[in-house]
Amino acid sequence: MIFLPAIIGAGLVTFAIRLSVELSGVSQRRHFTPANRFVLADVRSNSVLDEPVGVSTPPGPNPPCAATLAAVGPACPHSPPPPIGRPATPDFQVAPANFRPPGGLHP
Amino acid sequence: MSSPRSEFFAGARAEIPILLGVIPFGIIFGALAVEAGLPALIAFSTSSLIFAGSAQFIAAQLFREAAPGLIVVLTVFVVNLRHMLYSASIAPHVAHLSQRWKWLLAYLLTDEAYAVIIVRYHDERDSTHKHWYALGAGLALWGTWQASTALGILLRAQAGDRLLGLGLDFAIAVTFIALVVPGLKDRAVVAAALSSGLAALAAASLPYNLGLMIAAVAGISAGVVVERIGVERPRVERTRP
């Protein structure tokens, strides 16, 4: 009977190893939520990659994009274009009409 | 649409070719456990309490050498750490299941069961009952393992040492080769298998079966590197004028 505690301990350790990751919640974090899918589709549709992505952005205002728009202003790619003569985002400065970059304009 | 019943039996059927290698494996374990000094009932219960072939072999060997119980538990822990990789691989597929199902499938998750289950989970054919397939494969293996262990204990009592002289232990190596080869489908997996095999040979003499973990790390690293090279190559081609 001296073997039994070691065998039970070994069995429990084995079971705990097998169960550990399944119960850790890793799987939930690896799955895309519906909102994440929209963000992913949004990023891909505005990227330079030319292969089809297989996930389409729904028509109309994009929910996460609308939230971004409300939070940071017209930086969201789905926002209407800014009025002519105004900066696209508050971070950009409009160059004066007579501005010339050092070294001249690129051909 | 597949039913739970059809998935269950499909899983059990898929396990049959592997069971051919598991039977001699179990017979050898039963005989070795008795020879190591374990009473027949304890030797038999090891197969249901631990249910991990290679760890059971090492435990029996340690019992024969009168190693302390803590050493047995720690060694089994190290040898079975690879099951964490299986668990991580299966986890996304069983996330929707109840706790009871997760506990049951975790108990049945062995090398031989994983090799069959993961193929079904990666199968394109959609089914909401794939966990029944896993249960079928796992229970087929579990039942065969218990029966072959019992047979080994009985044969050891009848045939004595002659049983161990039949060379049945070669079945262990053959079984693991049969598990790995069907999965060698792309360069990353082949690189992982080659690297881990070479690392296992190089580190075979290390104590506490550390060679096993080193081989696992070498295989995973090689697989990740080769896969990344394969993914990045098309991107480079796209940026060319």
Side-chain angles (χ1 to χ4, degrees), chain A residues 1-58 63-64 75 77-78 88 101 103-107, chain B residues 33 36-39 41-43 45-52 55-56 58-60 62-63 66-97 99 101-103 105-110 114 234-235 238-239:
Chain A
M1 284 298 154
I2 54 166
F3 302 111
L4 205 52
I7 290 170
I8 291 172
L12 287 175
V13 158
T14 303
F15 182 60
I17 290 170
R18 289 171 180 166
L19 194 62
S20 57
V21 183
E22 289 182 24
L23 288 184
S24 68
V26 170
S27 50
Q28 279 83 355
R29 286 196 292 276
R30 285 181 62 184
H31 278 187
F32 289 118
T33 61
N36 283 342
R37 280 179 197 274
F38 287 135
V39 172
L40 187 66
D42 219 29
V43 170
R44 285 186 175 178
S45 62
N46 287 291
S47 71
V48 295
L49 298 177
D50 50 4
E51 61 265 312
V53 294
V55 184
S56 58
T57 309
H78 284 261
L105 289 169
H106 196 276
Chain B
L38 270 73
L41 196 61
I42 301 274
S45 64
T46 305
S47 280
S48 46
L49 287 171
I50 302 180
F51 189 40
Q56 287 178 228
I58 291 164
L62 289 171
F63 282 133
L70 187 62
I71 295 293
V72 174
V73 174
L74 284 176
T75 307
V76 167
F77 173 75
V78 172
V79 170
N80 283 341
L81 266 180
R82 69 187 188 284
H83 289 179
M84 199 174 274
L85 304 176
Y86 301 156
S87 181
S89 170
I90 294 286
H93 304 290
V94 298
H96 64 289
L97 298 178
Q99 296 288 349
W101 265 104
K102 285 181 186 172
W103 284 56
L105 294 183
Y107 171 69
L108 295 171
L109 187 62
T110 57
Y114 174 79
R235 247 183 231 167
R238 223 184 353 248
T239 55

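Below, chain A is the first sequence line, B the second, and so on; all start at residue 1.
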Check: Can you tell me how far CE of B/Met84 sits from CD1 of A/Ile17, rounded to the nearest 0.5 angstrom?
Finding: 6.0 Å

Next item on the list: Verify side chain to side chain contact (heavy atoms under 4.5 Å, CB included) between A/Thr14 and B/Phe51, making sure each step is shown before the conclusion.
Entry: CA-CA 8 Å; A/Thr14 303; B/Phe51 189 40; over 6 Å; no

Checklist line | Side-chain heavy-atom pair B/Ile42, A/Ile7 within 4.5 angstrom cut-off | finding: yes

Next item on the list: Grab the two heavy atoms, one from B/Ala106 and one from A/Leu19, that are nearest each other, plus how far apart they are.
Entry: CB-CD1, 3.4 Å

Checklist line | Summary of salt bridge (charged side-chain N to carboxylate O under 4.0 Å, His left out) pairs that have at least one residue in residues 83-95 of chain B, sequence neighbours excluded | finding: none

Next item on the list: Go through B/Val72, B/Leu97, B/Ile50, B/Leu81 and name the one with the most non-hydrogen pairs under 4.5 angstrom from chain A.
Entry: B/Ile50

Next item on the list: Identify the heavy atoms of A/Ala6 and B/Gly69 that sit nearest to each other, and give their distance.
Entry: CB-CA, 3.8 Å

Check: Any idea which heavy atoms bring A/Phe3 and B/Gly37 closest together, and the distance?
Finding: CE1-O, 3.5 Å

Next item on the list: Using non-hydrogen atoms and a 4.5 Å limit, figure out which bit of B/Ala59 sits close to chain A: side chain, backbone, both or neither.
Entry: neither

Next item on the list: Drop me the distance from B/Leu49's CG to A/Ile8's CD1, to the nearest 0.5 angstrom.
Entry: 6.0 Å

Note to self: Show, in sequence, the C-alpha distance, side-chain angles and deciding distance for B/Tyr114 and A/Arg18, and conclude whether the side chain to side chain contact (heavy atoms under 4.5 Å, CB included) test is met.
What the structure shows: CA-CA 11 Å; B/Tyr114 174 79; A/Arg18 289 171 180 166; over 6 Å; no

Notebook entry, point to check: How far does CZ of A/Phe15 sit from CG of B/Leu109, to the nearest 0.5 angstrom?
Noted result: 10.5 Å

